[in-house]
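Taking it in order: structure first as structure tokens, then the write-up.
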Amino acid sequence: MLTIGLIEDDPVHRELVTASLERAGLAVVAFGSAHEYQRRSVGEVDLILLDWQLPGQSGIEFLRVLREGEEETRMPVIFLTANGDEERVVEALNAGADDYVVKPARPAELVARVEAVLRRHAITDAPTPNAFPPFLFRPEQREVLRDGKPVVLSSREYDLLWFLFQRSGRIVGRDTLLRQVWRIASDVNTRTVDTHVSRLRKRLGLNGESGWKLTAIYHHGYRLLRVEADPAVED
Amino acid sequence: MGVPCLAEERLAEIASLEAFRPGFRDRLIALFRGAVGEQLPRCLQLDIGGTEERRGAAHALKGSAASIGALRLAAVAESLEQSAHDPEACARLSGSLRAEADVALAELHAWAGSMPSAAAP
């Protein structure tokens with residue numbers, strides 16, 4: 001299910017938007033500030049609905065920082081704000097917003113705009129592929145093959161690898177991995193994530209040698225990217 | 001004929017969301033009541049040093065009111081937001097703000113009470 005990140009400090013509007021999107025079949029994760037989003041979630045959402053006026057860091061400041069930190073994968077962002085004057089619209093779009101909706105958002109229009117932006121970014125709810133050459137996943141057997149040969153992995157390693165491949169191209173936070181893969185509270189030491197990642201990287205050639213590169217993104221987490229295979233890469 | 005207290009279109013949307021999620025309407029009204037309780041006192045403080053807080057509170061109240069369809073309250077809150085730097089203008093608006101908040105809450109409760117509950121028995 002596609003997930004929308006809603007950054008909105010008005011509890012009434014937050015409740016209204018959440019229910020409207022969930023009725024349309026979208027999952028919603030709501031945050032009361034940009035800081036809360038950054039602390040709790042990286043890589044969990046497919047699109048951000050962003051209020052302009054937020055406590056602490058404003059929506060426009062958050063968007064500028066978000067865009068500066070992006071290298072390849074671009075997070076779709078729609079601004080939600082009570083102020084629809086031209087200057088503000090232009091500022092939001094120039095800062096990198098994909099669309100702009102004046103509050104209070106009309107439910108059907110909001111859903112239509114969200115779906116339109118997701119389509120433009122080619123983000124769909126289609127079944128996740130199992131094939132990431134040279135790797136092939138068999139979810140029912142919880143098995144992964146490399147060049148047709150089974151790779152021996154622990155249960156946790158398999159879950160981690162599957163999670164990362166399903167989100168290839170996106171930054172996935174350590175806290176997200178702890179919550180979604182380890183199913184534990186994210187305030188536990190994240191060294192265990194780093195250790196598992198390091199093992200997978202070596203055993204599966206996720207250093208570029210296999211055609212995939214799993215890199216650490218400072219202060220954020222990890223990102224798995226397709227690259228030109230380089231058999232000469234050393235660990 | 002002036003602006004209605006509550007927007008019919010917004011009430012209809014809330015009613016349709018109640019059908020999707022029983023309890024939604026009452027939860028939304030409770031959140032709005034909470035927002036009024038939090039922001040109204042901040043809007044009404046008239047000491048000069050409270051301008052930014054007053055403006056922020058008026059903006060927040062405007063947003064919550066508009067979200068639930070309380071048109072007149074949203075309009076008065078917007079006037080207060082724009083006049084936040086002027087204590088005399090704020091003093092003139094404070095009576096209307098209180099009155100519209102009370103009327104909006106009363107009409108929302110009356111509307112909710114007149115609707116059949118979608119909650120399962």
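Convention: sequence-line order gives letters A, B, ...; per-chain numbering from 1. Values below: every heavy atom of this structure, side chains too, minus hydrogens, waters and symmetry copies. Computed from a predicted structure; not experimentally measured.
Using a 4.5 Å cut-off between heavy atoms, A:E22 touches chain B through backbone and side chain atoms alike. With a threshold of 4.5 angstrom between heavy atoms, B:E78 does not approach chain A through any atom at all. If you measure heavy-atom distances from A:A108 to chain B, you find no contacts under 4.5 Å at all. The contact between B:F20 and chain A is made entirely by side chain atoms (from C-beta outward), counting heavy-atom distances below 4.5 Å.
Going from atom CG of B:L31 over to atom NE2 of A:H13 covers 13.0 Å, rounded to the nearest 0.5 Å. For the atom pair CG of A:L16 and CD1 of B:I14, the computed distance is 6.5 Å after rounding to the nearest 0.5 Å.
The candidate with the highest count of non-hydrogen atom pairs below 4.5 Å against chain B, out of A:E15, A:R23, A:K103, is A:R23.
The 12-atom threshold is exceeded at CZ of B:R10, counting heavy atoms of other residues, nucleotides or ligands nearer than 6.0 Å. Enclosure of atom CD in B:E9 is not indicated, since only 12 or fewer non-hydrogen atoms of other residues, nucleotides or ligands lie within 6.0 angstrom.
Closest approach of B:A66 to A:P104, counting heavy atoms only: O-CG, 3.3 Å. In this structure, B:L17 and A:S20 approach most closely via the heavy-atom pair CD1-OG, 3.8 Å. Residues B:S67 and A:D10 come closest through the heavy atom pair OG-OD2, 3.7 Å.
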